[in-house]
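A short write-up of the structure that comes next.
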Amino acid sequence: MSRIFNFNAGPAALPLEVLEEVQAELLDFADTGMSILEISHRSPAFEKVLEETKQDIAELLHLPEDYGIFFMAGGGSLQFSCVPYNFLTEGKTAAYADTGSFSDKAFQEAEKVGRAVKVFSSKAEGYDRVPRPEEVVLPENCAYLHITGNNTIEGTEYFAYPETNGVPLIADMSSEILSRPFPVEKFSLIYSGVQKNIGPAGAVLVIARRDFVAGRDKKLPVMMNYETMLEKDSLYNTPPVFAIYIVGKVAKWLKKQGGLEAMEAVNRKKAALLYGMLDRYPAFYKGRAEKDSRSIMNVTFNLPTKELEAQFAEEGKRRGLGGLKGHRSVGGIRASIYNAMPLEGCEALAKFMEEFYQANK
Ligand SMILES: *Cc1c(COP(=O)(O)O)cnc(C)c1O
């Protein structure tokens with residue numbers, strides 16, 4: 001067996017220990033004589049998985065009591081619609097901070113539902129940064145402010161969140177959830193497609209303040225109704241069982257690593273190795289993000305020519321450093337260094353960057 005260092009953006013690397021556990025119990029899960037893929041979502045065995053998964057995530061986040069956790073399907077993209085359908089009511093305006101192509105997609109879905117405005121956009125500068133807190137000014141009668149915590153394609157991330165003075169703050173945290181501690185109590189609702197940082201494709205983790213999702217429009221499509229999903233404890237219909245099961249294993253793995261405080265330390269160290277190379281050779285490795293906004297999950301940069309970028313990704317691959325090609329919409333190079341990427345992977349990539357520079361400068 002030879003596993004590479006996997007820098008894919010999503011679906012992305014999972015901890016090897018988690019994969020090994022899944023493999024070991026695949027044929028007989030928890031003495032049921034069946035695989036987790038074959039049991040009822042209403043069986044005690046799965047209910048235990050769901051309960052422990054929620055509990056472990058709550059523990060990792062130091063989640064306040066008045067928040068609930070549930071899982072949905074439809075990917076991060078369905079959430080772009082769920083948010084305005086649930087919260088953008090008549091006479092109100094939804095505010096969006098436009099910091100990347102996923103923010104823009106979320107905004108476009110909101111426009112289909114009601115009145116939505118962009119209160120910040122770095123689009124003209126190639127989405128090179130997120131706003132400073134004081135730059136975000138909200139409209140009158142604001143339904144909510146939507147932000148994208150980490151911009152997966154562009155490589156920017158919030159480290160300070162806008163002050164909303166009581167207006168609900170909603171975040172798409174698909175690509176940074178559980179990578180570091182953050183003040184959950186600032187947010188009314190958080191959603192995360194799990195396939196970037198904490199699991200495989202198929203499930204979305206939603207964390208919501210209970211009183212925020214309660215008492216909403218009952219005429220919503222039921223599969224988009226947050227209140228129903230929370231009340232039914234993710235079990236209104238068949239949830240993405242296998243994905244939730246793996247998220248549960250990842251949560252236990254994160255606790256074993258020392259929790260989010262420990263993850264932040266190693267994630268920052270990993271990012272610093274790569275940004276260190278960008279800062280050492282800024283004319284060769286041209287970072288896409290402004291320094292204050294640099295993501296510790298997705299490191300994005302350009303080389304002097306497209307040919308060199310292709311060569312970089314190709315040579316990297318031959319050395320066991322996979323998935324370095326940037327998103328098809330922006331090109332360049334992207335190294336996604338989520339929780340499951342070990343420090344050694346970033347050390348190997350930094351070493352390769354040094355050698356590639358020396359050979360091609
Ligand atoms: C990947 C991603 C999405 C889209 O997720 P899908 O599950 O593919 O719909 C949305 N937002 C962010 C920040 C992402 O990284």
Side-chain angles (χ1 to χ4, degrees), residues 6-14 70-85 94 96-110 112 118 120-123 127-131 144-159 161 169-180 182 187 189-207 223-224 229 239-240 242-244 246-247 250 267 271 288-289 293-300 323 325-330 334-341:
N6 176 358
F7 293 94
N8 279 327
L14 287 164
F70 52 98
F71 291 93
M72 293 173 71
S77 299
L78 185 65
Q79 298 297 312
F80 298 163
S81 307
C82 290
V83 166
Y85 271 108
Y96 280 75
D98 179 28
T99 52
S101 67
F102 287 123
S103 311
D104 196 27
K105 284 181 169 165
F107 170 76
Q108 287 173 35
E109 293 308 301
K112 294 176 186 169
K118 288 185 180 180
F120 172 84
S121 180
S122 49
K123 194 172 196 166
Y127 289 130
D128 59 348
R129 68 181 183 98
V130 299
Y144 58 80
L145 168 65
H146 178 283
I147 66 168
T148 311
N150 181 70
N151 296 279
T152 322
I153 295 173
E154 296 80 6
T156 62
E157 182 171 358
Y158 285 82
F159 297 98
Y161 300 104
L169 180 59
I170 296 179
D172 174 359
M173 293 199 178
S174 292
S175 50
E176 91 274 32
I177 192 82
L178 303 188
S179 67
R180 60 182 168 89
F182 68 95
F187 297 85
L189 185 130
I190 294 161
Y191 61 88
S192 299
V194 305
Q195 74 271 24
K196 308 282 162 57
N197 217 356
I198 57 170
V204 177
L205 167 68
V206 184
I207 298 161
M223 293 304 295
M224 295 172 72
M229 295 299 141
F242 192 64
I244 294 170
I246 294 186
V247 171
V250 170
N267 283 332
R288 297 180 61 95
S293 292
R294 282 174 167 178
S295 166
I296 59 169
M297 296 280 98
N298 309 95
V299 178
T300 54
K325 204 161 160 258
H327 189 268
R328 59 196 145 73
S329 64
V330 295
R334 171 174 55 176
S336 297
I337 51 173
Y338 303 122
N339 283 338
M341 172 59 64

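These values consider heavy atoms only, across backbone and side chains, with no hydrogens, waters or symmetry-generated copies. We count ligands from 1, going down the list as the structure has it; atoms in each ligand are counted the same way.
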>> Going by the rule side chain to side chain contact (heavy atoms under 4.5 Å, CB included), which residues pair with S103 if we only count those two or more places apart in sequence or in a different chain?
In response: D98, T99, T148, N151

>> Side chains of S101 and H327, heavy atoms from C-beta outward: is any pair under 4.5 Å?
In response: no

>> List the residues meeting side chain to side chain contact (heavy atoms under 4.5 Å, CB included) with R288, not counting sequence neighbours, and say none if there are none.
In response: T300, N302, V330

Between ligand 1 and the protein, find all N/O pairs closer than 3.5 Å and give the distance for each.
{"from": "ligand 1", "atom 1": "7 (O)", "to": "G76", "atom 2": "N", "distance (Å)": "2.9"}
{"from": "ligand 1", "atom 1": "7 (O)", "to": "Q195", "atom 2": "NE2", "distance (Å)": "2.8"}
{"from": "ligand 1", "atom 1": "9 (O)", "to": "G76", "atom 2": "N", "distance (Å)": "3.2"}
{"from": "ligand 1", "atom 1": "9 (O)", "to": "S77", "atom 2": "N", "distance (Å)": "2.8"}
{"from": "ligand 1", "atom 1": "9 (O)", "to": "S77", "atom 2": "OG", "distance (Å)": "2.6"}
{"from": "ligand 1", "atom 1": "11 (N)", "to": "D172", "atom 2": "OD2", "distance (Å)": "2.6"}
{"from": "ligand 1", "atom 1": "15 (O)", "to": "T152", "atom 2": "OG1", "distance (Å)": "2.4"}
{"from": "ligand 1", "atom 1": "15 (O)", "to": "K196", "atom 2": "NZ", "distance (Å)": "2.5"}

>> Can you list everything that forms a salt bridge (Lys or Arg N to Asp or Glu O under 4.0 Å) with E176? Sequence neighbours excluded, please.
In response: none

> Checking side chain to side chain donor-acceptor pair (under 3.5 Å) for the pair S179/N339: CA distance, chi angles, key distance, verdict?
Replying inline: CA-CA 6 Å; S179 67; N339 283 338; 5.2 Å; no

>> Between F187 and F182, is the ring centroid distance below 6.0 Å?
In response: yes

